[in-house]
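Accompanying notes for the structure given below.
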Amino acid sequence: MKKLRVGLAGLGTVGKGVYDILQKDAKLISLRSQTKIEIVAVASRSKKDFLDPKIKFYPDVIALAFDPEIEVVVEVIGGCGIAKELLEEALKNGKKVVTANKALLAEHGLEIAKLVEKHNGYIGFEAAVAGANPIIKSFKEGLAANEFKEFYAILNGTCNFILTKMKDEKRDFAGVLKEAQKMGYAEADPTLDINGTDTAHKLTILAAIASQNQPDFKQTYIEGIEKISFNDIKLAEEFGYKIKLLAIYKNLGDALQQTVYPALVKSSEKIAQVDGPFNAVLALASNADWNMTIGRGAGGLTTGSAIVSDLIDIACKRDKSFLFNAKAADLDQKPIQAISEHVGKYFLRMKIDKSKARKTDLVQAIFGDKIKIEQVNFIDCNEEILCGFITGEQKEKNIIAILKNLDLELIKSVGFLRIEETNF
Ligand SMILES: NC(=O)c1ccc[n+]([C@@H]2O[C@H](COP(=O)([O-])OP(=O)(O)OC[C@H]3O[C@@H](n4cnc5c(N)ncnc54)[C@H](OP(=O)(O)O)[C@@H]3O)[C@@H](O)[C@H]2O)c1
């Protein structure tokens, strides 16, 4: 049987997942690919006990790019430092690459796409977006005959887990985050997850594939979930909504929407029902109509599953596609819409001084006729009233202007979240 010789860079959560799958599922994999996919060398900062001592170990990861025995380098180190250098050297030396590194592809995607083409190479990156969900293959292959009008995605299991737990257990953000860390659903440093950066990396990659636009991480609008309180979730629930951290792409014609923010979604909509650590992508495709995938976005075996599927593709010679679904030179440069131009319904939440307010004419007292308020809800706290308002459709810059000019005698604090309607 023919062989595919792999060099594995990184032996952490995902590296071990890949290693384990190639051992335990070797028979199935060789049956499907007619190839023995074999790890011939590994590289990492430190050696691990689980490694077969017959496999070569390099403490310098770049050595993998120069090992003539290796045909494919699997990069599961992460970040844009040594991982970028390894990927570039591997491509220059005629090796194919499989990676789970969303930060690298989102922040340096165009440069990497050009390098792949220059060296007639290939990068498989199914694992970089939505973990075990085969969303890259779905967009690049299964839905290849479609334009993507819009998609809504839950791309960070940590955030979805935290928001779900806050709602189910009526708890605030900080306590749930600590528990998520203890349970292994959040990293010791969870910053990039909870501030939306990780979701934005994945959105940037998926949006480039969907639009044949150059990947543009810098223009992506990003808000995280750090400021969501249980009261926000409770008020949203009273209106029939859930709060989800959504990655949203929309083709607006002359521009693209590319945003990450916590949004209110009707509880009856399918994407709102994706709870816990699960990821989901709901896409509206021009011919196929609505399409949705749900599955685990993180973990060793789950992410390893996506990496090994890319290795099987290489073994079966299904490795000819362009990185972002078109030649690098043909990728468009459509502008990304400024968030101030965003149009939609808004959920406004305010704390009102109880001694100065009467619920009966509160909407009139706060907003006058400056804005259409469609629904109102109150939560009575000790000395204040917590109010939630759902507006009619508005441009975001109008909402901000209105909120800036509110009667500060009456209102103790104010904030807003956007409302999304997927109609699916
Ligand atoms: N974890 C997930 O569920 C998941 C899901 C989807 C995508 N990803 C992506 O997969 C990649 C790997 O994630 P992970 O969770 O497996 O990370 P991890 O557990 O932190 O493992 C990283 C590995 O890289 C090694 N490493 C780090 N810096 C190095 C350096 N300068 N030289 C040599 N080796 C170095 C580490 O060595 P030591 O063991 O010695 O520290 C470790 O073996 C990242 O791009 C991540 O975004 C992860």
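All ligand and atom numbering here is 1-based and tracks the order in the structure.
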For [atom], which protein heavy atom lies nearest, and how many Å away is it?
{"atom": "atom 32 (N) of ligand 1", "value": "Arg45 CG, 3.8 Å"}
{"atom": "atom 40 (O) of ligand 1", "value": "Ser46 OG, 2.6 Å"}
{"atom": "atom 12 (C) of ligand 1", "value": "Val76 O, 3.3 Å"}
{"atom": "atom 25 (C) of ligand 1", "value": "Ser44 OG, 3.9 Å"}
{"atom": "atom 8 (N) of ligand 1", "value": "Lys102 NZ, 3.6 Å"}
{"atom": "atom 10 (O) of ligand 1", "value": "Ala100 CB, 3.4 Å"}
{"atom": "atom 6 (C) of ligand 1", "value": "Thr303 CG2, 3.5 Å"}
{"atom": "atom 43 (O) of ligand 1", "value": "Leu11 N, 2.8 Å"}

ask   = Atoms of ligand 1 less than 4.0 Å from Ala298 heavy atoms?
value = 3 (O)
message = Using a 4.0 Å cutoff against the non-hydrogen atoms of Ala127, which atoms of ligand 1 qualify?
response = 6 (C), 7 (C)
ask   = Checking Gln337 side chain against Gln257 main chain: does a donor-acceptor pair fall under 3.5 Å?
value = no
Any non-hydrogen side-chain atom of [X] less than 4.5 Å from a side-chain atom of [Y]?
{"X": "Phe173", "Y": "Ile162", "value": "yes"}
{"X": "Leu91", "Y": "Ile123", "value": "yes"}
{"X": "Thr35", "Y": "Lys2", "value": "yes"}

ask   = How are the rings of Tyr346 and Phe416 set to each other: parallel, tilted or perpendicular (split at 30° and 60°)?
value = perpendicular
ask   = When the ring planes of Phe139 and Phe148 are compared, do they come out parallel, tilted or perpendicular, using 30° and 60° as the limits?
value = parallel
Any N or O of [X] closer than 3.5 Å to N or O of ligand 1:
{"X": "Pro59", "result": "no"}
{"X": "Gly10", "result": "no"}
{"X": "Gly299", "result": "yes"}

message = Residue-level breakdown please: for Thr13 versus ligand 1, do any non-hydrogen atoms fall below 4.0 Å on the side chain, on the backbone, on both, or on neither?
response = both
request  = Determine whether the side chain, the backbone, both or neither of Ala9 has a heavy atom under 4.0 Å from any heavy atom of ligand 1.
outcome  = neither
query = Is there a heavy atom in Lys48 that sits closer than 4.0 Å to ligand 1?
reply = yes
Close approach, Gly131 and ligand 1, non-hydrogen under 4.0 angstrom = no
query = Relative to atom 45 (O) of ligand 1, which among Gly78, Ala43, Ala83 owns the nearest non-hydrogen atom?
reply = Gly78
ask   = Which of these, Val14, Ile307, Ile82, has its nearest heavy atom closest to atom 1 (N) of ligand 1?
value = Val14
key: Lys NZ or Arg CZ of Lys270 over Phe424 ring: under 6.0 Å, within 45°   = yes
Quick one: side chains of residues 241-250, donor-acceptor pairs under 3.5 Å with protein atoms, not counting sequence neighbours, listed by atom name and distance.
| residue | atom | partner | partner atom | Å |
| --- | --- | --- | --- | --- |
| Lys242 | NZ | Ala272 | O | 3.0 |
| Lys242 | NZ | Asp275 | OD1 | 3.3 |
| Lys242 | NZ | Asp275 | OD2 | 2.9 |
| Lys244 | NZ | Asn160 | OD1 | 3.0 |
| Lys244 | NZ | Val274 | O | 2.9 |
| Lys244 | NZ | Asp275 | OD1 | 2.8 |

query = Taking all atoms of both residues into account, what is the closest heavy-atom pair of Lys114 and Ala328, and its distance?
reply = CG-CB, 3.8 Å
request  = Could you tell me which residues satisfy salt bridge (Lys or Arg N to Asp or Glu O under 4.0 Å) with Glu341, sequence neighbours excluded, listed by chain and number?
outcome  = Lys395, Lys397
ask   = Is there a protein heavy atom at a distance of less than 4.0 Å from atom 20 (O) of ligand 1?
value = no
query = Between Arg318 and Glu141, is there a side-chain N and carboxylate O pair less than 4.0 Å apart?
reply = no
message = Check this for me, if you would: do Glu374 and Lys372 make a salt bridge, where the nitrogen-to-carboxylate-oxygen distance has to be below 4.0 angstrom?
response = yes
